[in-house]
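Labels below follow one simple rule: chain letters A, B, ... track the order of the sequence lines, proteins then strands, and each chain is numbered from 1.
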2 protein chains.
Amino acid sequence: MLNFSTKGEYGLRAVVNLARSYPKIKNIKAISIEENISAKYLERLIGELRKNNLVKSIKGKNGGYVLARKPREISAGEVIEVMEGQMTSKCNGTHCAHMKDCASSVVWIKLGEQIKKTLYGIKLSELIK
Amino acid sequence: MLNFSTKGEYGLRAVVNLARSYPKIKNIKAISIEENISAKYLERLIGELRKNNLVKSIKGKNGGYVLARKPREISAGEVIEVMEGQMTSKCNGTHCAHMKDCASSVVWIKLGEQIKKTLYGIKLSELIK
DNA sequence: CTGAAAGCATACTAAAATAGTATGATTAAT
DNA sequence: ATTAATCATACTATTTTAGTATGCTTTCAG
């Protein structure tokens, strides 16, 4: 019904992978092999997660990544929001004839709320059991 | 958080528009003007809705479209599913190291269920009040 | 202090999806 | 017969996705 890009999937899988080995550090190479994701691409994606304070990086030899918080303090929603970008209700009532009371916008707003509720309710801790 | 294409939005707006004038027939031109959507593009999109039995067409002069069922018997989910295509849980556990019990897939599955529940619960009748 | 192994930054590119256009055929009321 | 509508298909431009490539910086180990 909706197309999710692999960004969200890859990001989530990487973070879940880190949750499994938490609090040990793990490098891109290891994650990319285990998850079967292009190392270079993953490197870029995980960079986004770092900039948004979901993972911490340790530079230099023997470096790698760790979750920035405990697995039970990070939700799937946070990860996916960073990777996919904020959900925007495209139908905001500005372009159709019904103006502010655009009937269709109700659908996108309700849906957005439900998605957030669902995804923010899922913590990494519950995914690694 | 997720990118919806305009297809779903346009399709929904067109159908809601038809719901307002139900059971009178209305042509593409009128809908496209009222909704400010390219007529040619809308024509193609609404063709999809017809093939999936959500609207009926009346050909020839004075022709146009009508909802195939009453507004309270058509849900937003049906419309959006036709326009956007079936939601597929991309992470199906086949490509990562954890195989069948892929932790991340749980997220997409739960999310998909919630989205369906939400969208199928919204009927056109409730959008035109 | 030097080399290797890690992350960091940025630019490039190929493929796919999106959002539309264009052309013309078919249908049916007048 | 004319006109106004849908129907079918093919084409195209733009954007997004999914990567690749190159090179720099940081830090541990010897």
Side-chain angles (χ1 to χ4, degrees), chain A residues 1-14 18 24-33 35-68 80 82-88 90-91 95, chain B residues 1-14 18 24-33 35-68 80 82-88 90-91 95:
Chain A
M1 184 169 317
L2 291 164
N3 280 337
F4 301 103
S5 73
T6 58
K7 276 190 203 171
E9 187 204 316
Y10 288 177
L12 185 62
R13 274 164 56 197
L18 286 176
K24 272 188 272 186
I25 80 170
K26 199 163 189 178
N27 65 29
I28 288 285
K29 201 174 179 183
I31 301 171
S32 77
I33 289 171
E35 300 293 338
N36 195 30
I37 298 169
S38 150
K40 270 291 170 196
Y41 192 35
L42 186 58
E43 199 178 337
R44 252 191 30 198
L45 296 182
I46 216 166
E48 293 294 312
L49 295 171
R50 180 182 54 82
K51 283 171 196 157
N52 286 274
N53 302 311
L54 289 172
V55 302
K56 278 188 297 188
S57 69
I58 294 91
K59 287 202 260 185
K61 198 171 177 179
N62 299 335
Y65 297 89
V66 206
L67 293 186
I80 294 168
V82 165
M83 301 314 296
E84 303 273 357
Q86 186 70 30
M87 193 195 88
T88 47
K90 290 209 180 189
C91 185
H95 32 217
Chain B
M1 185 170 314
L2 292 164
N3 281 339
F4 301 103
S5 72
T6 58
K7 277 189 201 170
E9 188 203 318
Y10 288 177
L12 184 62
R13 274 164 56 198
L18 286 176
K24 271 187 275 187
I25 79 170
K26 198 164 189 178
N27 66 29
I28 288 284
K29 202 174 179 183
I31 300 172
S32 77
I33 289 171
E35 299 293 338
N36 193 31
I37 299 170
S38 149
K40 270 292 171 196
Y41 192 34
L42 185 58
E43 198 177 336
R44 251 192 29 197
L45 297 182
I46 216 165
E48 292 295 311
L49 295 171
R50 180 183 54 81
K51 283 171 195 158
N52 286 275
N53 303 310
L54 289 171
V55 302
K56 278 187 296 188
S57 69
I58 295 91
K59 286 203 259 187
K61 197 172 179 180
N62 299 336
Y65 296 90
V66 206
L67 292 187
I80 294 168
V82 165
M83 301 313 298
E84 303 273 357
Q86 186 72 28
M87 194 194 87
T88 47
K90 290 209 177 187
C91 184
H95 32 217

Among C/dC8, C/dA28, C/dA6, the nucleotide that comes nearest once only the side chain of B/Lys61 is considered: C/dA28

Using the side-chain heavy atoms of A/Ile28, tell me which of these nucleotides is nearest: C/dA19, C/dG7, D/dT6. C/dG7

Is there side-chain contact between A/Ile25 and A/Lys56, with heavy atoms separated by less than 4.5 Å? no

Specify the closest pair of heavy atoms between B/Ser38 and B/Ser32, including all atoms of both residues, with the distance to one decimal. C-CB, 4.4 Å

Ignoring backbone atoms, establish whether A/Ser38 has a side-chain N or O less than 4.0 Å from OP1 or OP2 of D/dT20. yes

With a non-hydrogen cut-off below 4.0 angstrom, is B/Lys29 in contact with a base, only sugar-phosphate, or nothing? nothing

C/dA22, OP1 or OP2 - any side-chain N/O from B/Arg44 closer than 4.0 Å? no

Decide, yes or no, whether a salt bridge links B/Glu48 with B/Arg44 under the criterion of side-chain N to carboxylate O below 4.0 Å. no

Examine the base of C/dT23 for any acceptor or donor lying under 3.5 Å from a partner atom in the side chain of B/Lys40, and report the outcome as yes or no. yes

Proximity to the side chain of A/Glu43 - top-ranked nucleotide from D/dA18, C/dG7, C/dA29: C/dG7

Stems where DNA chain D pairs, listed by first number, each of three or more Watson-Crick or G-U pairs under 3.5 Å: C:1-30 with D:1-30

So which heavy atom on A/Ala14 is nearest to which on A/Leu42, and how close? CB-CD1, 3.9 Å

The answer to which of B/Asn27 and A/Lys59 contacts DNA chain D further toward the 5' end, by nearest nucleotide, is B/Asn27

Ignoring backbone atoms, test whether A/Tyr65 places a side-chain nitrogen or oxygen under 4.0 Å from the OP1 or OP2 oxygen of C/dC8. yes

Scanning both residues in full, the closest heavy-atom pair of A/Ser57 with A/Arg50 reads OG-CD, 3.4 Å

When you measure from the side-chain N and O atoms of A/Thr6 to the phosphate of D/dA18, is any distance below 4.0 Å, counting only OP1 and OP2? yes

State the CG-NZ distance between B/Leu18 and B/Lys24, to the nearest 0.5 angstrom. 12.5 Å

